[in-house]
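Predicted model only: the values in this text are computed from it and were never measured.
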Amino acid sequence: MGPPSRLTLAHVLNVTGLLKRLVIGRAKRSEELHETLLPKRLALPIFASDPLSSVAYATQEILLVLSLGGLAYLHFTPWIAAAVVVLLTVVVLSYRQVVSTYPSGGGSYEVVSTNLGPSAGLVVAASLLVDYVMTVAVSVASGVDNIISAVPELADHRVAMALGFVALLTAMNLRGVRESGRAFAAPTYLFVGGVLIMITTGLFRYLVGDAPVAESAKYGITAEPHEANLTGLALVMLVLRAFSQGCTALTGVEAISNGVPAFRRPKPKNAATTMAVMGAISITMFVGVTTLALVAKVHVTEDSCRLTGLDGNCGSHTQRTVIAQVAAAVFGGEHSIGFYYIQAATALILILAANTAFNGFPLLASILAQHRYLPRQLHNRGDRLAFSNGILALAIVAGLLLYGFQANVTNLIHLYILGVFTSFTLSQTGMVRHWNRELRAETDPALRRNHKITRVINGTGAAVTGVVLLIVLATKFTQGAWLAVVAAIVLWVTMRGIRRHYDATAAELAVTDPRSELAPPSRVFAIVLVSTIHKPTLRALSYARSFRPDHLEALTVSVDRDEAARLRDRWEAYGIEVPLKILDSPYREVTRPVVDYVRSIQRESPRDIVAVFIPEYVVGHWWENLLHNQSALWLKSRLLFTPGVMVTSVPWQLTSSARADRPAARAPGSVRRGEPPTPPPQPERHPGARRSQQGERGG
């Protein structure tokens, strides 16, 4: 029987690589990027799942607000829904102009940065990044709600289910855009088909005199004390608040404008067509679900105890979602096949709606990273040519949000849509300025007429979405939207700080006088750190001597005078010609005496280069790292902050490391670069920034 196997670093890397391969798949070559481009049939579920899925809860949000005043105010629902439809139409038409004019993938951020300036562009970027996080949180929480509507026994596992779905979405998106599109296309089309069948069936039953009736139609609703008998301004505020909640139907509309580079050629045309199809389907489903909710007399409230006519304890009563009640009414009850189909499809599409953010957030973060507003790592592509770091960052933040708010849709929804309307308003304003500039330079009458029409569309979009932004801000701010505002402000300030850091670094590293930079140092002072005389020490001495420095000495720290004396005796006995310098350390410190000595040399001769050679062990077992190299690690960490000092590690591979000399197929931490779409002009960019960036990328 052979010796027991030992867990080595190589084993860990191989297991990690195998798991990574199983979850994500094989790595793709950069030349395969064109194979990830999407046809329209896959682009629709990838980039439009969020606005398509919003019909599952947009109507419910309107009814929840109006029900605060009791049943008397539900007659405002058709008018509010009509206003939402008009707004959605204007926004879709406006973003079709963005797709055609700015097809590089920056979307609203590119439009605003180019036409209104970098600071305004960062406002849009911060708002969208926050909104993408909220999209994941709200969509997953809503999907879990619909699952619980079908299976109430799962209510106690709400948070765990939500986090599990986020993990699943993350894994699928790490496999690549095209792969996630294939996986998520079927549920999206099943949802759209199911809802359209439900609408057609319900309206047919209504027309033939057999109108569906919701399970909550028999319940009354008690008005909130401060919302009863509203008139004047109070009534207007209630209606505006319901309208702002219904505007959740517009979330994710801008995602296609950010994803134009992912389409097959001709990219702008295919993206514009996909956006038009998305708008038509969204409007049809939203109008249909709202109409059926009114026909079936769906009554919902945030607090079940405000429902009158309930049997039993109101505190334990679980209200089904609006779309669930409509499905049950249309298809013949809560145990019908149609009901379960709609619930399953709705839960899937709501969870998959987060996929819109998983595509939009990483791409926008990559562009911001290329513009040096976010860390460089977000610009890197992973094994499957996806922006993996952005995907992971989004998953982590959204998961924390779901955990913190216990996956409660009602609490999360108040933080939602503020960012997207900020983006809508500023991008349409930027497009108006774009067309103004084009009109000043254009002389062709036909093109001028076309530019004027598109300017009217964008101007209308800017005005309408600006009004909605004010309404949303006024009605949601005190209910939790202030958190989203604060998050966007903090993110904006952080991105500005990151840009200042990169600009300062680029300026500091820029070459001003190549001759002086290439001039050799006046003298090289080499130091080999010694703890005892052994093979690693002698190798380090030999290696340092091969550089032929102007001065070479060995350096040790005496924490025990007897040991230092024995080391000196052995040094002389071996006949080592390199002088040995011993630093006294009465307080038994090792790092500080070495650093102080090195700095003293640098102070005496500022033009000299001090080269420090550190012998190190290379081990094969993870636990051996705990037994070796700690002193070397601390010394290097301190010496690296000392100007004019070069630190060189001289490795000595122990026998155990020989078993770990076969690297894993995909070692963790490997960096992969990626090129996002061509960025818009950046007025703030330092002249040396592009050279610095290219130099860093080539490292």
**Report entry** Side-chain H-bond candidate by donor/acceptor type, S94 with Q428, under 3.5 Å
**Finding:** yes
Report task. Using atom types as modelled and distance alone, determine if a side-chain donor or acceptor of T274 lies under 3.5 Å from a backbone N or O of L44. Result -> no
**Report entry** Listed partners of N436 passing side chain to side chain donor-acceptor pair (under 3.5 Å), at least two apart
**Finding:** R455
**Report entry** Expected output: side-chain T425 to main-chain T465 donor-acceptor under 3.5 Å
**Finding:** yes
Query raised in the report: Residues two or more places apart in sequence or in another chain: which of them pass ring pair (Phe, Tyr, Trp, His ring centres under 6.0 Å) with Y102?
Result: H434
**Report entry** Heavy-atom side-chain proximity of I80 to L66 below 4.5 angstrom
**Finding:** yes
Query raised in the report: With no hydrogens and no angle check, is any side-chain donor or acceptor of D131 less than 3.5 Å from a backbone partner on S127?
Result: no
Query raised in the report: Who passes salt bridge (Lys or Arg N to Asp or Glu O under 4.0 Å) against R158, sequence neighbours left out?
Result: D145
Query raised in the report: How about V159 and V144: do any of their side-chain heavy atoms sit closer than 4.5 Å?
Result: no
Query raised in the report: Okay, side chain of Y206, backbone of L292: is any donor-acceptor separation there less than 3.5 Å?
Result: no
Query raised in the report: Does T454 use its side chain to pair, donor to acceptor, with the backbone of H451 at less than 3.5 Å?
Result: yes
Report summary line: Residues at least two apart in sequence or cross-chain that pass ring pair (Phe, Tyr, Trp, His ring centres under 6.0 Å) with F263, listed by chain then number, are F47
Report task. For S282, enumerate each residue passing the side chain to side chain donor-acceptor pair (under 3.5 Å) test, keeping only those at least two apart in sequence or located in another chain. Result -> none
Query raised in the report: Looking at residues at least two apart in the chain, or sitting in another chain, which of them share a side chain to side chain contact (heavy atoms under 4.5 Å, CB included) with L196?
Result: V192, T284, M285
**Report entry** side chain to side chain donor-acceptor pair (under 3.5 Å) contacts in which one or both residues fall within residues 286-296, not counting sequence neighbours
**Finding:** T59-T290
Query raised in the report: By side chain to side chain contact (heavy atoms under 4.5 Å, CB included), which residues pair with E334, not counting sequence neighbours?
Result: E215, R320, F339
**Report entry** Side chain S54, main chain P51, donor-acceptor under 3.5 Å
**Finding:** yes
**Report entry** K452: side chain to side chain donor-acceptor pair (under 3.5 Å) partners, not counting sequence neighbours
**Finding:** none
Report summary line: Sorted by chain and residue number, the ring pair (Phe, Tyr, Trp, His ring centres under 6.0 Å) partners of Y95 (sequence neighbours excluded) come out as F424
Requested in this report: Calculate, to the nearest 0.5 Å, the distance between atoms OG1 and CZ belonging to T200 and F204 respectively.
Outcome: 11.0 Å
Query raised in the report: Under 3.5 Å, side chain of T201 to main-chain N/O of M198, donor-acceptor pair present?
Result: no
**Report entry** Residue list, side chain to side chain donor-acceptor pair (under 3.5 Å) with T188, at least two apart or on another chain
**Finding:** none
Query raised in the report: Distance from N458 atom CG to R433 atom CZ, nearest 0.5 Å?
Result: 14.0 Å
Report task. State which residues pass side chain to side chain contact (heavy atoms under 4.5 Å, CB included) with L71; sequence neighbours excluded, sorted by chain then number. Result -> L74, I221, H299
Query raised in the report: Where the side chain of Q325 meets the backbone of A214, is there a donor-acceptor pair that is under 3.5 Å apart?
Result: no
Query raised in the report: Ignoring hydrogens and geometry, is there a side-chain-to-backbone donor-acceptor pair from S427 to S108 under 3.5 Å?
Result: no
Query - Closest contact, heavy atoms only, V260 versus P268 - result: CG1-N, 4.2 Å
